[in-house]
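For ligands, and for the atoms within them, numbers begin at 1 and follow the listed sequence. FYI, side chains are in, hydrogens and waters are out, and symmetry mates aren't considered; it's all heavy atoms of this structure. What you are looking at is a predicted structure, and each value in this text was computed from that prediction instead of being measured.
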Amino acid sequence: MALLFVIRTWPADEWRRAMAALAPDLDLRLWPDHMGDRADIDYAMAWLPPPNLLRGLPKLKVIFSLGAGVDAILADPTLPETVPVVRVVDPDLTMRMSEYVVLHVLMHHRQQRRIEENQRRKVWDSFPTHGASDLAVGILGLGVLGSDAAAKLLSLGFKVAGWSRTRKHIPGVHCYAGAAELDSFLKRTDVLVSLLPHTPETTGIINRGLMSKLSRKGPFGAPILINAARGKQQVEADIIAALDAGELYAATLDVFETEPLPQDSPLWTHPKVTVTPHLAADSDPTTISGCVLRQIRRHQAGLPLENVIDRTRGY
Ligand code: NDP
Ligand code: OXD
């Protein structure tokens, strides 16, 4: 039973070592130099697999994504159609994302950047603040990550709503669903947080038109954007134009159209933008290897796999 690591943008050997420590009995192979016989490989842990590689593994039974998002895997146009793709659902990753969302909602809410700038300039500006209940946070995507972040924001006193494809029922959270309810959701939202997957439907969804529908009745007079999901959902030129026109008050971006964010991107130095380098919810090699190992053991025992994505929906 062989497990292949196909990892292009992360240190693959760190993942191999983490799995080896958890499962010394597994035959671990590393693409591209230590693949051995392709016909031996039963499982693959992958991130951005090169086209034709996974298709060329005749015994491949399951593809494991190293992250919660699977767009890096589905981007392979040659992906074998019948092999299930399993994504990460893990309390550690969920907690990390909720920490990130809560941190950045609070940072904007408490105007932390203004305070730091005042300290730098030695300015004692004890400006009026507002309560969490004055701020309406709206989460695009009420899945594993969105619903946890919603619950944590709710416990801090924010007004919380969410939008998803199918209707959710989360106590205290106003749940909107489907294209028909998107505008009503946007209209009540002072802080928009994206936790959507990247699919053809969500590509470019955060554009000037969408941002223009957000609430202007909040304490800052213009809305705030936090994208911790995928950069392909945002139109960066529109975000900059909206910030410069005062249609958007501020933005926190963890993800970008191109990653790493190019040196010449105006986002790096924009005074209203906080840039973080795609670390909102890091995949910890030991934790995620444990998740994968559990699924491999289930599969070997003839039990159904968990967290298999729906290839037709793309997440
Ligand atoms: P889930 O699949 O659990 O949730 C996705 C949510 O988005 C669901 O509520 C789904 O609706 C909704 N959704 C999907 N497509 C649409 C659409 N077209 N219209 C409306 N709603 C839609 O995913 P997770 O919560 O686990 O993860 C979300 C994303 O976060 C990942 O796909 C990944 O891209 C990103 N991520 C980013 C990280 C980072 O470090 N920056 C780390 C981890 C994840 P429904 O429930 O009805 O299906
Ligand atoms: C993920 C990510 O999808 O880290 O888990 O982006």
Side-chain angles (χ1 to χ4, degrees), residues 7-10 15 45-48 64-75 85-101 103-104 138-152 161-170 173 175-186 192-206 210 225-234 252-257 259-261 274-285 287-289 291-292 306-315:
I7 307 179
R8 277 212 276 184
T9 50
W10 297 344
W15 284 81
M45 285 174 73
W47 194 253
L48 274 172
F64 294 99
S65 166
L66 299 192
V70 289
D71 47 338
I73 291 180
L74 299 185
V85 176
V86 170
R87 73 187 194 97
V88 171
V89 174
D90 173 69
D92 172 70
L93 187 137
T94 302
M95 182 59 86
R96 289 174 191 230
M97 181 57 87
S98 290
E99 285 171 9
Y100 183 92
V101 172
L103 171 71
H104 287 273
I139 303 179
L140 291 169
L142 276 181
V144 173
L145 302 182
S147 53
D148 191 73
K152 295 201 161 70
W163 180 71
S164 49
R165 216 174 36 82
T166 56
R167 177 137 1 250
K168 302 288 175 280
H169 301 278
I170 305 173
V173 177
C175 296
Y176 296 81
E181 295 181 14
L182 179 59
D183 284 5
S184 312
F185 162 81
L186 296 170
L192 182 70
V193 179
S194 181
L195 287 173
L196 285 168
H198 170 222
T199 66
E201 288 75 40
T202 64
T203 301
I205 190 170
I206 305 171
L210 177 138
L225 168 68
I226 298 174
N227 186 0
R230 282 294 183 268
K232 299 279 189 228
Q233 289 166 16
Q234 70 201 16
T252 288
L253 304 174
D254 184 54
V255 288
F256 302 91
E257 286 174 16
E259 294 179 11
L261 183 62
T274 300
V275 167
T276 60
H278 199 144
L279 47 58
D282 248 355
S283 290
D284 175 69
T287 311
I288 306 306
S289 295
C291 293
V292 170
E306 297 165 325
N307 310 316
V308 176
I309 64 134
D310 179 338
R311 296 275 280 267
T312 56
R313 281 188 334 205
Y315 66 97

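When each atom of ligand 1 is checked for a heavy atom of Gly69 under 4.0 Å away, the hits are 31 (C), 32 (O), 33 (C). Remark: ligand 2 atoms within the under-4.0 Å shell around heavy atoms of Arg230 are 1 (C), 2 (C), 3 (O), 6 (O).
Distance check, rounded to the nearest 0.5 Å: OG of Ser147 to CG of Leu195 gives 9.5 Å. Note: Ile139 CD1 to Lys168 NZ = 13.0 Å, rounded to the nearest 0.5 Å. With rounding to the nearest 0.5 Å, the separation of CD1 in Ile288 from CZ in Arg87 is 11.0 Å. Interatomic distance, NE2 of His104 versus CG of Leu253, reported as 10.5 Å (0.5 Å rounding). For the atom pair NE2 (His278) and CZ (Arg230), the distance works out to 4.5 Å, reported to the nearest 0.5 Å. Expressed to the nearest 0.5 Å, how far CG of Leu140 lies from OG1 of Thr202 amounts to 9.5 Å.
With respect to atom 2 (C) of ligand 2, the closest heavy atom belonging to the protein is His278 NE2, 3.7 Å. Closest to atom 19 (N) of ligand 1 among all protein heavy atoms lies Trp163 CH2, 3.2 Å. Looking only at protein heavy atoms, the nearest one to atom 36 (N) of ligand 1 is Arg230 NH1, 3.7 Å. Of all protein heavy atoms, the one lying nearest to atom 4 (O) of ligand 2 is Ala281 O, 3.7 Å. In terms of protein heavy-atom proximity, atom 40 (O) of ligand 1 is nearest to Ala281 N, 3.0 Å. Scanning the protein heavy atoms around atom 1 (C) of ligand 2, the nearest turns out to be Ala68 N, 3.4 Å. For atom 10 (C) of ligand 1, the nearest protein heavy atom (residue, atom name, distance) is Tyr315 OH, 3.5 Å. When hydrogens are left out, the protein atom nearest atom 27 (O) of ligand 1 is Leu145 CD1, 3.4 Å; that is the closest non-hydrogen contact.
Residues Thr276 and Tyr100 have side chains that bring a donor and an acceptor to within less than 3.5 angstrom of each other.
Evaluated by nearest non-hydrogen atom to atom 11 (O) of ligand 1, the leading choice among Glu181, Lys232, His278, Arg165 is Arg165. For atom 32 (O) of ligand 1, the candidate residues are Ala280, Pro197, Ala177, Gly178; the nearest heavy-atom contact is made by Pro197. In the candidate list Val144, Leu195, Leu140, Leu195 is nearest to atom 28 (C) of ligand 1, counting heavy atoms. Of the options Asn307, Leu142, Leu279, the smallest heavy-atom separation from atom 9 (O) of ligand 1 is shown by Leu142.
Looking at ligand 1, you'll find an N or O of Ala228 within less than 3.5 Å of one of its N or O atoms. On a distance-only criterion, Met97 and ligand 1 share no N/O pair closer than 3.5 Å. For ligand 1, the polar-atom distance check against Glu201 finds no nitrogen or oxygen pair separated by under 3.5 Å. Not a single N or O atom of Val255, backbone or side chain, sits closer than 3.5 Å to an N or O atom of ligand 1. Distances between N or O atoms of Gly141 and those of ligand 1 include no value under 3.5 Å. For ligand 1, the polar-atom distance check against Arg87 finds a nitrogen or oxygen pair separated by under 3.5 Å. Checking only distances, Trp10 never comes within under 3.5 Å of ligand 2, N or O to N or O. At under 3.5 Å, not a single nitrogen or oxygen of Leu93, backbone or side chain, sits near a nitrogen or oxygen of ligand 2. Considering backbone and side-chain N/O atoms, Gly143 comes within less than 3.5 Å of an N/O atom of ligand 1. Between Arg313 and ligand 1, no pair of N/O atoms sits closer than 3.5 Å. At a 3.5 angstrom cut-off on N or O pairs, Asp254 counts as close to ligand 1.
Residue Lys168 places a heavy atom under 4.0 Å from ligand 1. Under the 4.0 angstrom criterion for non-hydrogen atoms, Arg96 is not in contact with ligand 1. The shortest separation from a heavy atom of Leu196 to ligand 1 is under 4.0 Å, placing the residue in contact.
In this structure, the side chains of Asp148 and Met97 stay at 4.5 Å or more apart for every pair of heavy atoms. Looking at Leu74 and Arg311, their side chains come closer than 4.5 Å, going by heavy atoms from C-beta outward. Residues Cys175 and Ile170 are in side-chain contact: their nearest non-hydrogen atoms beyond the backbone lie under 4.5 Å apart.
Aromatic ring orientation, Trp10 versus Trp15: parallel (interplanar angle below 30°, classes split at 30° and 60°).
Within the 3.5 Å criterion, the main-chain N or O of Val255 finds a donor-acceptor partner in the side chain of Gln234. Asp310 places a side-chain N or O within 3.5 Å of a backbone atom of Thr312 that can act as its donor or acceptor partner. For the pair Glu306 (side chain) and Val86 (backbone), a donor-acceptor distance under 3.5 Å is absent. In this structure, Ser283 contributes its side chain and Leu66 its backbone to a donor-acceptor pair below 3.5 Å.
Between Arg167 and Glu181, at least one side-chain N (NZ, or NE/NH1/NH2) sits under 4.0 Å from a carboxylate O, which counts as a salt bridge.
The only option from Ile205, Leu142, Ile206 that meets the side-chain contact (heavy atoms from CB on, under 4.5 Å) definition with Leu196 turns out to be Ile205.
Residue-level proximity to ligand 2 for Ser65 is absent, since no heavy atom of it falls below 4.0 angstrom.
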